[in-house]
Amino acid sequence: MMKVKVIDSWNLSKSWGIIANLKIPIEGLPQNSLLKSLESNNLWRVKARILFSHMSQHKQFPCETEKLQMPVFSNSSDLERSQKLLMDQEANFIFQYTLMAIKHDEKPSPGEELLLELPQAL
């Protein structure tokens with residue numbers, strides 16, 4: 001069984017849902033992949049990978065559904081810092097995803113390992 005590690009997570013608005021930085025063991029998480037907590041047995045469904053408009057190039061995978069985020073920065077050093085952080089994370093297979101909690105309202109906890117179940121069609 002493949003495992004995904006939660007680096008960080010946030011429970012945002014209804015339209016965005018849960019955002020999580022995940023360290024993944026494969027090239028991309030397809031939409032509708034299931035993630036199951038080994039600690040709580042909670043389930044989350046992968047909705048989409050978040051890409052950022054200020055990045056000239058993202059590591060992309062054909063199996064993923066993508067959602068574009070357009071952040072605003074107050075100055076160029078903040079923009080450059082964000083670009084470097086994202087490049088470093090992607091080099092380590094850490095990507096940001098939107099998740100939907102299934103039958104609960106919790107976000108996955110940082111450091112938690114989640115079992116990955118790919119959609120049946122793959």
Hey, are the side chains of [X] and [Y] touching, using non-hydrogen atoms and a 4.5 Å cut-off?
X: Q89; Y: N21; answer: yes
X: I19; Y: Y97; answer: no
X: D88; Y: K84; answer: yes
X: F93; Y: K59; answer: yes
X: F95; Y: Q60; answer: no

Does [X] belong to the same Ile/Leu/Val/Met/Phe/Trp/Tyr cluster as [Y], with side-chain heavy atoms less than 4.5 Å apart forming each link?
X: M2; Y: I24; result: yes
X: I26; Y: V6; result: yes
X: F61; Y: L99; result: yes
X: L22; Y: I94; result: no
X: W10; Y: F52; result: yes

*asked:* Before you tell me yes or no, could you show the steps for L43 and K103 under side chain to side chain contact (heavy atoms under 4.5 Å, CB included), namely the whole-Å CA-CA distance, both residues' side-chain angles and the distance that decides it to 0.1 Å?
replied: CA-CA 8 Å; L43 285 171; K103 297 183 180 178; over 6 Å; no

*Members sharing M100's hydrophobic cluster (side chains within less than 4.5 Å)*: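 Its cluster mates, by chain and number: none.
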
Would you check if the side chain of [X] reaches a backbone N or O of [Y] as a donor-acceptor pair within less than 3.5 Å?
X: T98; Y: A48; answer: yes
X: N11; Y: D105; answer: yes
X: K23; Y: I7; answer: no
X: S33; Y: P30; answer: yes

[atom2] on [Y] to [atom1] on [X], rounded to 0.5 Å:
X: M55; Y: L79; atom1: CE; atom2: CG; result: 10.0 Å
X: M70; Y: S53; atom1: CE; atom2: OG; result: 6.0 Å
X: R45; Y: L34; atom1: CZ; atom2: CG; result: 5.0 Å
X: L51; Y: H58; atom1: CG; atom2: NE2; result: 4.5 Å
X: E90; Y: Q57; atom1: CD; atom2: CD; result: 9.0 Å

_Hydrogens and angles aside, do E106 and N42 bring a side-chain donor and acceptor to less than 3.5 Å of each other?_
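There is no such pair (donor and acceptor under 3.5 Å, judged by atom type) between the side chains of E106 and N42.
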
*Side chains of Q83 and H54: donor-acceptor distance under 3.5 Å anywhere?*
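Absent: no donor and acceptor within the cut-off.
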
_Apply side chain to side chain contact (heavy atoms under 4.5 Å, CB included) to residues K3 and L38 and explain how you reach the verdict._
CA-CA 10 Å; K3 294 179 184 173; L38 295 170; 4.0 Å; yes

_Tell me whether the count of non-hydrogen atoms from other residues, nucleotides or ligands lying under 6.0 Å of CD in E27 goes above 12._
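Counting other residues, nucleotides and ligands, CD of E27 stays at 12 neighbours or fewer.
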
*For atom NZ of K5, is the number of surrounding heavy atoms from other residues, nucleotides or ligands below 6.0 Å larger than 12?*
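Open.
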
_Before you tell me yes or no, could you show the steps for R49 and E64 under salt bridge (Lys or Arg N to Asp or Glu O under 4.0 Å), namely the whole-Å CA-CA distance, both residues' side-chain angles and the distance that decides it to 0.1 Å?_
CA-CA 7 Å; R49 162 113 174 269; E64 292 186 322; 2.8 Å; yes

In residues 109-119, what donor-acceptor pairs under 3.5 Å come from side-chain atoms, sequence neighbours left out?
{"from": "E112", "atom 1": "OE1", "to": "S109", "atom 2": "N", "distance (Å)": "2.8"}
{"from": "E112", "atom 1": "OE2", "to": "S37", "atom 2": "OG", "distance (Å)": "2.2"}

*Give the minimum heavy-atom separation between A101 and W44, together with the two atoms involved.*
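Reported closest heavy-atom pair: CA-CD1, 3.6 Å.
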
